[in-house]
**Student:** 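Please find one structure pasted underneath; my questions will follow.
Side chains included, hydrogens not; waters and symmetry mates left out as well; all remaining heavy atoms used.
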Amino acid sequence: IGALKHAVRLQPDFVHAHIALGASYIRRGDFQEAVDLLEDSAHLAPDDYNIFYYLGTAMRMMGKVRESLSILEKAVSLAPDSVHARFSLGLAYYDSKRLELARDEFLETVRLRPDFADAHFLLGGLYHSALEDPERSLFHLRKAEKLFSKLKDYPKVSRVRELMAAQPV
């Protein structure tokens, strides 16, 4: 982080240094630092979806879900094929209980990247409970199970199997 701060000081107009520093703050759990930096940096590149993706992600992680929605929506409008922006927007919709919109973003995520295990898992969960479509739920849960197995993420495989076992027969 120190090197990125130095890069921002040396080249205050170099937006990529701001984005990298904001992402580093998020990884470290310093969400307010990320928000402060990225809000101040947005004027440098108002059409760079990365600023809005990381800003919206940091706000969502801070629990400011409502504020994150419009920011993540802007990120998706700037980069409609960004898997990460779409997935994060889906998470924000999910957190705000706008489940049909969350489903739509997760479906778009797996359309863009069919091997996105977490999106399949969340779709399986949505279809299992809130959207009550057992057939679609099992479809996405089976996909998630295969993908998590491939990734050797066995705790998530177990969670998928628990949800599959809870399916109505």
**Student:** Any chance you could measure Asp47, atom CG, to Leu78, atom CG, to the nearest 0.5 Å?
**Tutor:**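 The CG atom of Leu78 is 6.0 Å from CG of Asp47, to the nearest 0.5 Å.
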**Student:** Rounded to the nearest 0.5 Å, what separates atom CG in Leu38 from atom CE in Met59?
**Tutor:**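 Answer rounded to 0.5 Å: 10.0 Å.
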**Student:** Is it the case that one hydrophobic cluster holds both Leu112 and Phe116, taking links as side-chain heavy atoms less than 4.5 Å apart, direct or via other members?
**Tutor:**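 They do share one cluster, since a chain of ILVMFWY contacts under 4.5 Å joins Leu112 to Phe116.
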**Student:** Is a side-chain N or O of His18 found less than 3.5 angstrom from the main chain of Pro12, in a donor-acceptor match?
**Tutor:**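 Yes, because the side chain of His18 sits within donor-acceptor range (under 3.5 Å) of the backbone of Pro12.
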**Student:** Do Leu138 and His128 come within less than 4.5 Å of each other through their side chains, counting heavy atoms only?
**Tutor:**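 The answer is no; the side chains never approach within 4.5 Å.
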**Student:** For Asp95, give me all partners under side-chain hydrogen bond (donor to acceptor under 3.5 Å, both in side chains), at least two apart in sequence or on another chain.
**Tutor:**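 Counting only residues at least two positions away or on another chain, Asp95 forms a side-chain hydrogen bond (donor to acceptor under 3.5 Å, both in side chains) with Arg60.
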**Student:** Considering only residues two or more places apart or on different chains, which pairs with a residue in residues 33-57 satisfy ring pair (Phe, Tyr, Trp, His ring centres under 6.0 Å)?
**Tutor:**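 Found none.
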**Student:** Between side-chain atoms of residues 25-32 and protein atoms elsewhere (two or more places apart, or another chain), which donor-acceptor pairs fall under 3.5 Å?
**Tutor:**
unit_1, atom_1, unit_2, atom_2, d
Arg28, NE, Asp30, OD2, 2.5
Arg28, NH2, Asp30, OD2, 2.5
Gln32, NE2, Asp36, OD1, 2.8

**Student:** side-chain hydrogen bond (donor to acceptor under 3.5 Å, both in side chains) with Asp81: which residues, sequence neighbours excluded?
**Tutor:**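 Once residues adjacent in sequence are excluded, Asp81 has no partner under the side-chain hydrogen bond (donor to acceptor under 3.5 Å, both in side chains) criterion.
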**Student:** How about Val8 and Phe14: do any of their side-chain heavy atoms sit closer than 4.5 Å?
**Tutor:**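 The answer is no, as the side chains (C-beta and beyond) never meet within the 4.5 Å cut-off.
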**Student:** Under the rule for side-chain hydrogen bond (donor to acceptor under 3.5 Å, both in side chains), what residues qualify as partners of Arg113, not counting sequence neighbours?
**Tutor:**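 For Arg113, the residues satisfying side-chain hydrogen bond (donor to acceptor under 3.5 Å, both in side chains) (neighbours in sequence not counted) are Asp115.
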**Student:** Between His120 (side chain only) and Pro114 (backbone N and O only), is there a donor and an acceptor less than 3.5 Å apart?
**Tutor:**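 Such a contact is found between His120 side chain and Pro114 backbone.
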**Student:** Mind running side chain to side chain contact (heavy atoms under 4.5 Å, CB included) on His140 and Phe121 for me, showing each step along the way?
**Tutor:** CA-CA 6 Å; His140 288 288; Phe121 177 69; over 6 Å; no
**Student:** Given the rule that I, L, V, M, F, W and Y join up when any side-chain heavy atoms are under 4.5 Å apart, are Leu89 and Leu101 in one cluster?
**Tutor:**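 Yes, because Leu89 and Leu101 connect within a single hydrophobic cluster, where side-chain heavy atoms sit under 4.5 Å apart.
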**Student:** Please determine whether a side-chain nitrogen of the Lys or Arg among Glu100 and Arg103 lies less than 4.0 Å from a carboxylate oxygen of the Asp or Glu.
**Tutor:**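 No, no charged N to carboxylate O under 4.0 Å.
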**Student:** Considering residues at least two apart in sequence or located in another chain, which fulfil the ring-ring contact (aromatic ring centres under 6.0 Å, His included) criterion with His6?
**Tutor:**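 Counting only residues at least two positions away or on another chain, His6 forms no ring-ring contact (aromatic ring centres under 6.0 Å, His included).
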**Student:** Can you check salt bridge (Lys or Arg N to Asp or Glu O under 4.0 Å) on Arg111 and Glu108, steps first, answer last?
**Tutor:** CA-CA 5 Å; Arg111 184 192 71 76; Glu108 188 61 17; 2.6 Å; yes
**Student:** Could you give the side-chain donor-acceptor pairs of residues 61-76 under 3.5 Å, partners two or more places apart or in another chain?
**Tutor:**
unit_1, atom_1, unit_2, atom_2, d
Ser68, OG, Val65, O, 2.7
Glu73, OE2, Tyr93, OH, 2.5

**Student:** Go through the structure and list residues passing side chain to side chain contact (heavy atoms under 4.5 Å, CB included) with Ala20, not counting sequence neighbours.
**Tutor:**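 Testing Ala20 for side chain to side chain contact (heavy atoms under 4.5 Å, CB included), a comparison that skips the adjacent residues, returns Leu4.
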**Student:** Taking side-chain hydrogen bond (donor to acceptor under 3.5 Å, both in side chains) as the definition, give me every residue that meets it alongside Arg142, ordered by chain and number, with sequence neighbours left out.
**Tutor:**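 Expected list: none.
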**Student:** Would you compute the distance between atom CZ of Phe139 and atom CG of Leu141 and round it to the nearest 0.5 angstrom?
**Tutor:**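 Going from CZ on Phe139 over to CG on Leu141, the span is 11.0 Å.
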**Student:** Rounded to the nearest 0.5 Å, how far does CG of Leu21 lie from CG of Leu37?
**Tutor:**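 If I round to the nearest 0.5 Å, the distance is 5.0 Å.
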**Student:** Sort and list the pairs that fulfil salt bridge (charged side-chain N to carboxylate O under 4.0 Å, His left out) and have at least one residue in residues 124-139, not counting sequence neighbours.
**Tutor:**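 For residues 124-139: Asp133-Arg136.
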**Student:** How long is the gap from OG on Ser24 to CD1 on Ile19, to the nearest 0.5 Å?
**Tutor:**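 Rounded to the nearest 0.5 Å, the OG-CD1 separation comes out at 12.0 Å.
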**Student:** Check side chain to side chain contact (heavy atoms under 4.5 Å, CB included) between Leu122 and all other residues, then give those that pass, not counting sequence neighbours.
**Tutor:**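 Partners of Leu122 under the side chain to side chain contact (heavy atoms under 4.5 Å, CB included) test: Phe87, Leu91, Phe106.
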**Student:** Throw together a table of side-chain donor-acceptor distances under 3.5 angstrom for residues 145-152, partners on residues two or more places apart or in other chains.
**Tutor:**
unit_1, atom_1, unit_2, atom_2, d
Glu145, OE2, Arg161, NE, 2.5
Glu145, OE2, Arg161, NH2, 3.2
Ser149, OG, Glu145, O, 2.9

**Student:** Please examine the side chains of Pro80 and Arg86, heavy atoms only from C-beta on, and report whether any two atoms are closer than 4.5 Å.
**Tutor:**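 The answer is yes, as the side chains (C-beta and beyond) meet within the 4.5 Å cut-off.
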**Student:** Supply the atom-to-atom distance Leu55 CG to Glu39 CD, rounded to the nearest 0.5 angstrom.
**Tutor:**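 Between Leu55 CG and Glu39 CD, I get 5.5 Å after rounding to 0.5 Å.
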**Student:** Judged by atom type as modelled, is there a donor-acceptor pair below 3.5 Å linking the side chain of Ser137 to the main-chain atoms of Gly124?
**Tutor:**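 Present.
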